[in-house]
There are 2 protein chains.
Amino acid sequence: MALPRLLLLRALHRAAAAAAPAAPPAAPAAPDFNSFVTRTNTCGELRSAHVGQKVTLYGWVQYQRQGLFLVLRDFQGLTQVIIPQDEAHSQVKELLSSAPVESVVRVTGTVSPRPLGQQNPKMPTGDIEVKAETAEILNSCKKLPFEIKDFIKKSEALRMQYRYLDLRSARLQSNLRLRSRVVMRMRHYLCNLHGFVDVETPTLFKRTPGGAKEFLVPSREAGKFYSLPQSPQQFKQLLMVGGLDRYFQVARCYRDEGSRPDRQPEFTQIDIEMSFVDQAGIQRLIEGLLQHSWPEERGSIRTPFPSMTYEEALAEYGTDKPDTRFGMKIVDISDVLRGSNIHFVQNALSYPHGSVRAICIPQGVRYLTNKDLESLKESAKSQFNQEIMEIICRPDGSLKSLLTKFLGEKEQSELIQALNMQEDDVVLLAAGGHKQVCSALGALRLLSADLLEAAGLALRDPTAFHFLWVVDFPLFLPKAENPTELESAHHPFTAPHPSDASLLYSDPTKVRSQHYDLVLNGNEVGGGSIRIHSAEQQRFVLEKVLKEDSEVLSHLIEALEFGAPPHGGIALGLDRLISLIVDAPSIRDVIAFPKSFRGRDLMGNAPDYVTPEELEPYHIQVSWPLEEKEAKKN
Amino acid sequence: MALPRLLLLRALHRAAAAAAPAAPPAAPAAPDFNSFVTRTNTCGELRSAHVGQKVTLYGWVQYQRQGLFLVLRDFQGLTQVIIPQDEAHSQVKELLSSAPVESVVRVTGTVSPRPLGQQNPKMPTGDIEVKAETAEILNSCKKLPFEIKDFIKKSEALRMQYRYLDLRSARLQSNLRLRSRVVMRMRHYLCNLHGFVDVETPTLFKRTPGGAKEFLVPSREAGKFYSLPQSPQQFKQLLMVGGLDRYFQVARCYRDEGSRPDRQPEFTQIDIEMSFVDQAGIQRLIEGLLQHSWPEERGSIRTPFPSMTYEEALAEYGTDKPDTRFGMKIVDISDVLRGSNIHFVQNALSYPHGSVRAICIPQGVRYLTNKDLESLKESAKSQFNQEIMEIICRPDGSLKSLLTKFLGEKEQSELIQALNMQEDDVVLLAAGGHKQVCSALGALRLLSADLLEAAGLALRDPTAFHFLWVVDFPLFLPKAENPTELESAHHPFTAPHPSDASLLYSDPTKVRSQHYDLVLNGNEVGGGSIRIHSAEQQRFVLEKVLKEDSEVLSHLIEALEFGAPPHGGIALGLDRLISLIVDAPSIRDVIAFPKSFRGRDLMGNAPDYVTPEELEPYHIQVSWPLEEKEAKKN
């Protein structure tokens with residue numbers, strides 16, 4: 001009697017099952033998920049081979065229909081449970097029919113084949129169902145604040161408040177499990193294959209010079225504070241001085257940047273340091289590490305990764321983290337236009353670092369609207385104070401631009417050749433100082449790519465992973481607030497490039513460093529360097545070049561006088577790396593309990609007020625801002 | 001010509017080499033320590049089979065004699081390097097002869113067999129030497145503040161200040177490497193064998209109720225503070241609610257206890273939580289975990305571990321963490337003495353929990369001085385306000401004590417039998433309330449054991465590892481400051497023992513918990529429980545039994561209303577566990593950069609003063625204690 005309805009419901013359910021969490025990919029030897037507990041199987045495990053077995057499953061009610069069947073879910077999958085309809089099992093029927101969605105249930109029953117034609121090939125357990133014999137509601141679920149599925153419309157704030165519910169989604173389950181798996185493989189590679197030692201370093205330390213972004217932790221000694229370090233940099237170098245030889249740590253790091261989109265006040269890095277190593281050694285290590293730990297379901301990656309100097313990256317991509325998944329490189333057309341009679345071009349080229357450059361947007365005429373082009377030009381103007389000229393390639397191959405009247409046929413043809421312009425391409429041209437021109441065009445390159453893709457042109461393969469080393473950074477940069485003074489481009493422990501070592505004393509601005517960045521699809525996912533291991537050189541950099549008080553680093557400098565081995569290392573940003581691997585829009589999608597962009601935990605409501613009594617042992621008091629003080633008075 | 005001297009020096013050196021760092025024990029597949037670097041071998045690797053090979057070694061100068069040879073050291077061992085004496089290599093000779101001890105050197109040379117009779121069988125590389133051909137001083141070492149060897153007399157404070165030098169000692173190298181290896185195996189067991197997911201939880205959270213020992217971290221919102229949690233307790237429970245099923249983390253935890261010997265403000269625990277598990281499940285998991293990760297060189301451990309109730313532990317060992325490596329159990333002799341006419345015995349037995357108990361110190365007459373016995377009695381008096389009577393067993397088997405005149409022959413013989421007294425044994429007897437008597441005798445049991453061992457009686461096998469589960473703790477204890485109120489014996493999330501669940505509402509003091517402690521050789525190395533997974537029960541415990549404001553835990557209680565699975569877990573104190581495995585006197589010996597017992601980092605000088613400007617973004621100011629304020633004025 002109920003059968004036709006059941007069939008209908010099964011069809012309905014089949015659609016729901018398609019969005020179910022997939023079974024995790026096979027590991028070298030599959031872990032035993034049923035050890036130490038009384039379940040016989042997970043909800044993703046049963047197949048035709050299990051038919052006839054009596055099983056005990058624990059899971060959440062994903063779906064229940066009319067007291068006929070329900071779908072039980074756990075981290076590994078879904079299993080269809082048939083609710084018994086006979087009088088002898090009326091209690092089981094009553095119980096399972098009344099269990100609200102997302103309640104936790106134990107079901108014991110027998111695995112049966114699904115009736116012919118009712119198998120669900122999209123569901124790993126779709127050939128079977130479990131005929132319930134006994135059942136227990138272990139914890140009932142009240143009305144949910146939102147439905148637990150992958151693409152929910154509810155605000156992220158609400159999902160953060162009920163993070164434990166969002167964690168049940170297939171997306172977050174899969175992200176967190178993949179993260180765990182990748183890190184485990186990294187550990188295996190480092191520890192078991194290459195003799196690295198996992199050493200935990202303190203997170204209660206003291207401020208580093210210029211550590212403006214370090215959280216403070218009041219101590220019980222009046223006026224004295226610990227600081228939560230931004231990285232284990234000092235400790236890992238000291239471990240090398242201590243003869244540890246090869247160190248790694250999956251290190252929790254802290255950075256107080258106030259509100260920043262997609263940054264977290266605490267984050268994790270794969271932190272590595274080696275003695276007696278050079279830049280190439282670290283690069284090969286990391287390539288091997290990523291290849292070894294790369295999840296199969298994301299394809300494989302090829303090594304060695306290509307490498308590019310900072311200068312090349314800036315010249316061709318306008319950034320130190322080029323997205324090399326697509327072309328549209330910046331082209332230097334200074335020589336093509338040098339003879340032209342264009343005033344702004346001539347003006348730009350008259351300066352020492354003057355340059356005329358351009359990018360060519362393929363099929364720009366077809367895929368970009370005039371509004372798009374205007375917004376690109378406006379963005380260059382507002383962000384980089386850079387004027388942009390546009391050149392369009394007409395169907396007949398001729399150029400359309402305000403510039404064409406200044407260009408002879410030869411120059412036009414050279415331009416077309418230099419930029420490899422095709423019919424309907426749009427060229428954006430900029431003239432000015434080298435760095436500004438490149439940066440502006442680099443930004444326009446990315447913006448145009450987004451616009452092209454939004455308009456339907458497939459430009460970047462979403463399954464492609466393009467790793468890239470960027471090397472030969474400058475060691476020092478002029479300070480933004482006072483360009484006559486220098487600051488470290490990365491940090492003061494970075495060693496100068498061996499070829500430039502003598503320049504350190506004569507012209508430090510020209511010194512390249514032994515710093516290297518690892519870039520993935522246009523995102524910086526790691527950075528490191530060979531470190532200074534000479535106390536004299538370290539002191540010179542700190543005192544003479546950076547004009548910093550070296551006293552706070554005296555312990556580190558002194559350590560370099562006691563037989564410090566040459567050493568270098570790297571740190572990979574784990575949150576960002578994993579988010580790129582799983583193609584998540586934010587690092588919050590690969591962190592179990594992330595903070596909001598304001599640094600708040602919306603579930604537990606942290607940070608929170610504390611009483612003055614709780615502050616007493618730490619000898620601190622709150623300096624209430626004036627308006628709050630006033631408000632408190634009233 | 002130089003040969004006889006060389007022989008002598010070699011003999012000298014042989015003695016030194018005996019104390020050298022031993023090669024690490026063979027791992028399943030030995031890691032490649034020479035990948036990614038230009039050394040061909042470590043200093044612990046070369047054997048006769050390598051003779052004739054040209055090798056490049058990097059290491060520290062352990063020892064150098066008269067320009068004839070030197071011993072190079074790295075993390076894996078020592079290699080003897082022969083300094084060339086011919087004119088063609090005068091530069092190499094000059095360089096190696098002048099390198100101060102602990103300088104870092106690169107040596108390239110050829111592996112040669114040591115001359116007949118000069119092999120050193122105590123040194124893994126003792127069959128060979130390396131004839132240096134080229135060499136380079138990579139970093140010279142200035143005068144050391146102390147010699148780098150295992151048993152140095154220098155104060156711990158000095159060694160902490162130069163921790164990077166102490167880290168070069170064989171002891172610390174071996175401890176840190178063993179720790180890394182054990183943790184790696186634990187991860188393999190949990191992750192790869194049993195499907196646990198390594199999830200990182202936040203360390204910037206908010207105060208938990210009664211979290212008086214939590215460090216505060218000021219945020220940029222005036223008056224609001226994060227807190228560094230003492231454990232990921234709330235998060236791991238929420239992960240279970242989130243369906244993670246099996247969680248683990250090698251978790252950094254924080255506890256601000258001010259100055260406490262052998263505690264650290266930050267410490268590490270192996271943090272575990274499982275859904276659908278019971279107490280026995282967690283116990284089997286942990287037994288398997290320890291067995292799997294146990295280092296071979298420390299023997300093997302047998303499972304399952306014995307188990308004892310809290311009541312039994314208190315009655316027989318006077319503590320909830322019994323050292324079961326030796327006997328001397330507490331014996332209840334109330335019934336033996338019940339008929340006696342001893343006033344303090346009768347007095348004690350007249351109270352409801354009154355008891356007369358004793359321990360028997362084997363060979364106490366021979367190994368303990370009168371002064372020892374006096375100090376034992378004084379300690380019972382001062383620490384527990386407990387009087388102790390002593391009974392000695394004479395060579396003729398008769399008893400000598402102030403009590404004997406009150407005891408008939410039958411009672412004396414029953415006493416001897418109950419305590420299994422032998423010739424020269426000393427019995428310490430206490431009468432009073434059950435808990436006080438047991439606690440006092442438990443403490444005396446440990447003190448006597450120390451005294452006996454100091455006097456030369458082998459009591460505890462230093463290579464033995466006695467694990468023990470202690471179970472059935474009370475769920476609540478009377479508050480020390482107000483015994484009419486109750487507090488959680490462990491924490492408020494602990495579930496009541498299933499047999500006692502109904503007592504929760506009628507007589508909570510009688511409820512046993514599902515808490516379990518793991519004890520190793522008398523030290524608590526782990527603790528956990530099955531948790532409350534019913535919101536109603538959790539609310540009752542917090543509000544009605546503990547009279548606490550449940551508002552701060554509202555997010556956790558609410559989570560229990562949304563389909564929370566039954567769950568439980570445990571945390572192992574990693575620092576303590578490793579220190580027991582390596583038989584280190586302090587957990588500071590298994591931590592790379594420990595704090596002093598005052599919570600200071602003596603190397604980097606943390607915590608440290610910060611400027612008022614640095615406090616400004618956090619809206620706090622220092623409340624200087626009066627005397628310091630005055631001092632600053634003057």
Side-chain angles (χ1 to χ4, degrees), chain A residues 31 33 35-37 58 75 102-104 139 141-142 164 167-168 177 180 184 191 194-195 197-199 202 204-206 215 217 219 222-226 238 241-243 245 266 276-277 281 284-285 555 559 561-565 592-593 603-604 606-610 619-623 625, chain B residues 31 33 35-37 58 75 102-104 139 141-142 164 167-168 177 180 184 191 194-195 197-199 202 204-206 215 217 219 222-226 238 241-243 245 266 276-277 281 284-285 555 559 561-565 592-593 603-604 606-610 619-623 625:
Chain A
F33 290 109
S35 45
F36 314 113
V37 290
Y58 290 80
F75 62 96
E102 291 302 317
S103 296
V104 178
N139 192 281
C141 184
K142 70 174 184 182
Y164 46 87
L167 284 174
R168 293 184 193 163
R177 285 166 192 276
S180 169
M184 188 65 202
C191 237
H194 295 288
V197 188
D198 180 2
V199 181
L204 292 173
F205 197 50
K206 73 164 182 179
F215 285 103
V217 181
S219 80
K224 288 193 174 180
F225 293 80
Y226 297 105
L238 289 164
V241 181
D245 198 67
E266 48 186 321
F276 311 116
V277 75
R284 295 304 86 79
L285 165 76
H555 56 286
E561 293 179 321
F562 284 114
F593 298 100
M603 179 186 67
D608 205 357
Y609 294 108
V610 303
H619 310 282
I620 55 168
Q621 51 184 299
V622 176
S623 337
Chain B
F33 290 110
S35 45
F36 313 114
V37 290
Y58 289 81
F75 63 96
E102 291 302 317
S103 297
V104 178
N139 192 280
C141 184
K142 70 175 184 181
Y164 47 87
L167 284 174
R168 292 185 195 163
R177 283 166 193 277
S180 167
M184 188 65 203
C191 236
H194 294 289
V197 187
D198 180 3
V199 181
L204 292 173
F205 197 49
K206 72 165 184 182
F215 285 103
V217 181
S219 79
K224 288 193 175 180
F225 293 79
Y226 298 106
L238 289 165
V241 180
D245 198 68
E266 48 186 322
F276 312 115
V277 76
R284 295 305 86 80
L285 166 77
H555 56 286
E561 293 180 319
F562 284 114
F593 299 100
M603 180 186 66
D608 204 357
Y609 294 109
V610 302
H619 309 283
I620 54 168
Q621 50 184 299
V622 176
S623 337

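Each chain gets a letter, A, B and so on, in the order the sequences are listed, and its residues count up from 1.
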*Please report the shortest heavy-atom distance between B:Ala606 and A:Lys206, naming the atom on each side.*
CB-CB, 3.7 Å
*Which word best sums up how the rings of A:Phe215 and B:Tyr226 line up, parallel for under 30°, tilted for 30 to 60°, or perpendicular for over 60°?*
perpendicular
*At a heavy-atom separation under 4.5 Å, does B:Val199 approach chain A through its side chain, its backbone, both, or neither?*
side chain
*With respect to chain A, which residue among B:Gln621, B:Arg284, B:His555 yields the maximal number of heavy-atom pairs within a distance under 4.5 Å?*
B:Gln621
*Can you see which heavy atom on A:Ser623 is nearest to which on B:Ile620, and at what distance?*
OG-C, 3.4 Å
*Select, from A:Cys141, A:Pro565, A:Ser103, the one with the greatest count of heavy-atom pairs under 4.5 Å involving chain B.*
A:Cys141
*Do the side chains of B:Met184 and A:Met184 get nearer than 4.5 Å, heavy atoms only?*
yes
*Name the member of B:Ala592, B:Gly281, B:Ala559 that forms the most heavy-atom pairs with chain A at distances under 4.5 Å.*
B:Ala559
*What is the minimum heavy-atom distance between A:Val197 and B:Ser180, and which atoms define it?*
CG1-CB, 3.6 Å
_Please give me the minimum heavy-atom distance between B:Tyr164 and A:Val241, naming the atom from each residue._
CD1-CG1, 3.7 Å
*Looking only at heavy atoms, what is the nearest atom pair of B:Pro31 and A:Cys191, with distance?*
CB-O, 4.0 Å
*When only pairs under 4.5 Å are counted, which of A:Asp608, A:Leu285, A:Val277 shares the most heavy-atom pairs with chain B?*
A:Asp608
*Give, as side chain, backbone, both or neither, the part of B:Ser219 having an atom under 4.5 angstrom from any heavy atom of chain A.*
side chain
_side chain to side chain contact (heavy atoms under 4.5 Å, CB included) evaluation trace for A:Leu238 with B:Phe593_ = CA-CA 10 Å; A:Leu238 289 164; B:Phe593 299 100; 3.9 Å; yes
*Is there a side-chain contact between A:Tyr58 and B:Asp245 (heavy atoms, below 4.5 Å)?*
no
*Considering all heavy atoms, the nearest B:Asn139-A:Glu561 contact*: OD1-C, 4.4 Å
